[in-house]
Amino acid sequence: MKFRGKMIELHSIQNLVKVITTISKMTKEVCIRITPNHIYFILNDQSIRGGGALWCEIDQGHFFNEYNMEGVSDEHNEIYLNVATENFLRALRSAQNSKCLKIKLTKKYTTAYLTHEVELPTTATHVRNVTHDVPVQVIPRRLWDDYQEPQMPPYDISVYLPNLRILRNVLERMKNIFTFLEVKVNRNQDMSLSLDAPTVLISTHFKDLSQPTDTARGLSNISEARVRIDIRKFLHFLTSQSVNPMRVICNVAHKKCLHLFLMHEDIALQYILPHIAGFNVSIKRILKNLNLIRNGIKVRETNLSKGPTPGIRRSCICTHVRVSSKGFHVRNGLKLEAKSDFHQNSD
Amino acid sequence: MEQSSQTTRNRDNYLFFAAVDNARNISQMLKTVNFKEMALVVITPNGFKVSVTDSKCIQAAAFIQADLFSEFHLKEESLSFQINLNVLLDCLTIFGPSTTSGPHPTLNMFCESPASPLILMLVEGGVVTDCRINTLDPGDNPDFEFPPESVVNKVIMKSEALKDAWNDLDFTSESLEISISPDKPFLRLSTHGLAGTIKIDFSKDADIMECFNCSVSQVNRYKVSLLKPSYRALTQSDKFSLRTDANGFLSLQYLITSDDKNHACFVEYICTPDEDLFAS
């Protein structure tokens with residue numbers, strides 16, 4: 001098993017740093033797969049940590065001036081390594097302004113390292129060299145199957161994402177308010193991001209987005225696809241704005257996942273965010289139930305007649321809300337109770 | 001745009017409606033009083049007032065006059081509610097902290113009834129954001145009053161001078177002492193902190209001093225922790241007035257001009273003197 005790569009173009013080194021910065025936001029540990037033509041960064045997060053998957057592919061020819069590798073065997077000419085993204089990023093950062101960066105797979109005693117040899121520019125004739133040894137774990141052949149390209153469930157609608165800067169600003173604010181957000185796209189090329197927090201309902205609408213040309217790719221006939229995701233994870237992906245992608249495609253599989261596909265001359269990055277199911281309890285129903293036991297719980301009748309949202313304000317002085325798989329249970333200090341069953345968000 | 005035509009059509013249904021060309025004018029003002037989560041909003045035909053009270057000892061209020069808005073309609077005499085100021089600010093700056101130049105969002109604000117949520121509609125570059133912020137009953141917040149007839153001492157200064165002085169003060173000190181006298185040293189700010197005592201004097205003849213009316217010599221102490229948030233207002237203001245009444249209540253009024261330099265708005269901080277220290 002051998003690997004050695006040399007980069008001398010500042011532009012490519014900086015691009016690599018940007019890619020790794022983005023990846024380090026998404027995950028603490030990443031798998032590096034080295035093949036004769038490409039380097040892949042793979043994350044295949046299992047459901048314990050909320051799912052999500054990352055698949056980033058870079059063409060070695062666009063980054064490395066010299067590139068030699070030898071896989072585990074002739075038949076399987078590949079190398080799979082596990083690395084802590086933080087360490088990897090730290091080593092690369094020191095190379096940000098360097099003249100030359102060499103990355104080598106080395107073995108010292110029993111540990112394998114990715115050794116980064118950085119040649120820093122100097123005004124004098126002396127050369128300054130910095131070497132970082134980043135510990136890596138070699139992934140044995142039998143586990144390679146865990147790191148194959150993620151299977152994308154058939155998606156319903158796909159659009160190009162709007163201006164990433166605006167999108168990022170909007171999500172930054174939304175993150176301050178709540179954890180989850182619903183992404184909605186429809187066949188009229190509109191996309192909306194909505195957030196339903198106890199204090200506020202926000203929805204941002206982007207109109208007339210362009211759609212990938214081969215529209216046949218959308219498989220189903222539904223006119224609107226929705227997916228509920230973690231805002232922070234979406235934001236982590238958007239740090240990739242710094243690599244100046246040409247286009248970012250957003251594929252939505254209704255209530256399954258959000259697939260983001262970043263396209264750049266040298267980089268292709270895919271990120272899959274799983275749908276997080278949330279029960280949408282009708283507020284009206286809660287209030288009706290509370291109304292039955294109104295003495296002790298303050299619910300204004302005027303609000304009730306006005307439909308769902310106005311009612312939630314100054315709603316009640318309940319001290320317990322217990323949520324089970326079947327429904328919820330509200331109890332106030334006087335031990336008056338209200339119950340309601342969940343009903344799934346109607347489609 | 002579908003939404004906007006809808007709201008235009010229903011404009012008469014709203015108890016309160018206001019429009020402003022640049023949402024930054026509003027968010028900038030609200031930032032100066034954003035030191036507590038909940039704020040009381042009082043809307044009258046004269047304008048929009050947002051006040052924040054901490055420990056019943058300090059009240060900060062930002063007044064946004066009705067003429068800052070391009071449209072301002074209120075059907076009743078007044079409308080008041082409590083709102084989460086952090087959420088309101090996040091909504092107003094949803095397209096990012098806009099810079100003085102460059103694109104800025106336009107804002108429409110609606111309120112259907114005293115009990116309904118405050119609706120904001122922001123538009124920037126074709127992107128529309130709707131926000132429905134739930135509000136709370138106004139409650140019984142103490143309203144700090146500072147009638148002009150009770151003022152005993154009044155100083156008007158350029159903010160620039162106080163900004164420098166403020167950075168020189170020692171905030172390890174628990175309180176800030178403000179002394180005003182008709183003779184030397186006129187206006188003195190002092191702190192007694194771990195590093196020693198710092199005194200800063202302002203002469204009444206200095207260029208930065210626009211007005212100095214002192215009828216009674218006064219020495220009062222104020223909690224530094226309470227006054228600290230007022231620095232946000234100070235940095236944005238052009239000039240400010242410092243007034244005290246006979247009981248030592250302090251009113252700091254900051255004059256803030258909007259980005260387009262056409263409108264002046266006020267932020268007022270009213271602070272109670274530190275009684276314990278005063279008695280000892």
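Keep in mind the model is a prediction, meaning the values are calculated, not measured.
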Parallel, tilted or perpendicular: which one describes the rings of B:Y254 and B:Y269, with boundaries at 30° and 60°? perpendicular
I need the residue from B:I119, B:N86, B:V87, B:N84 with the largest number of non-hydrogen atom pairs under 4.5 Å to chain A. B:V87
To the closest 0.5 Å, what do you measure between CG (B:N134) and OG1 (A:T199)? 7.0 Å
Which one of A:L167, A:I166, A:V200 has the most heavy-atom pairs closer than 4.5 Å to chain B? A:V200
My understanding is that only residues two or more places apart in sequence, or in another chain, count here; which of them pass salt bridge (Lys or Arg N to Asp or Glu O under 4.0 Å) with A:R232? A:D230
Can you list, pair by pair, the side-chain donor-acceptor contacts under 3.5 Å of residues 61-77 of chain B, counting residues two or more places apart and other chains?
residue: B:S70; atom: OG; partner: B:A19; partner atom: O; Å: 3.2
residue: B:E71; atom: OE1; partner: B:R11; partner atom: NH1; Å: 3.0
residue: B:E71; atom: OE1; partner: B:H73; partner atom: NE2; Å: 3.3
residue: B:E71; atom: OE2; partner: B:R11; partner atom: NH1; Å: 3.3
residue: B:K75; atom: NZ; partner: B:D12; partner atom: O; Å: 2.0
residue: B:K75; atom: NZ; partner: B:Y14; partner atom: O; Å: 3.3

Who wins among A:N176, A:L193, A:L195 for the most heavy-atom pairs under 4.5 Å with chain B? A:N176
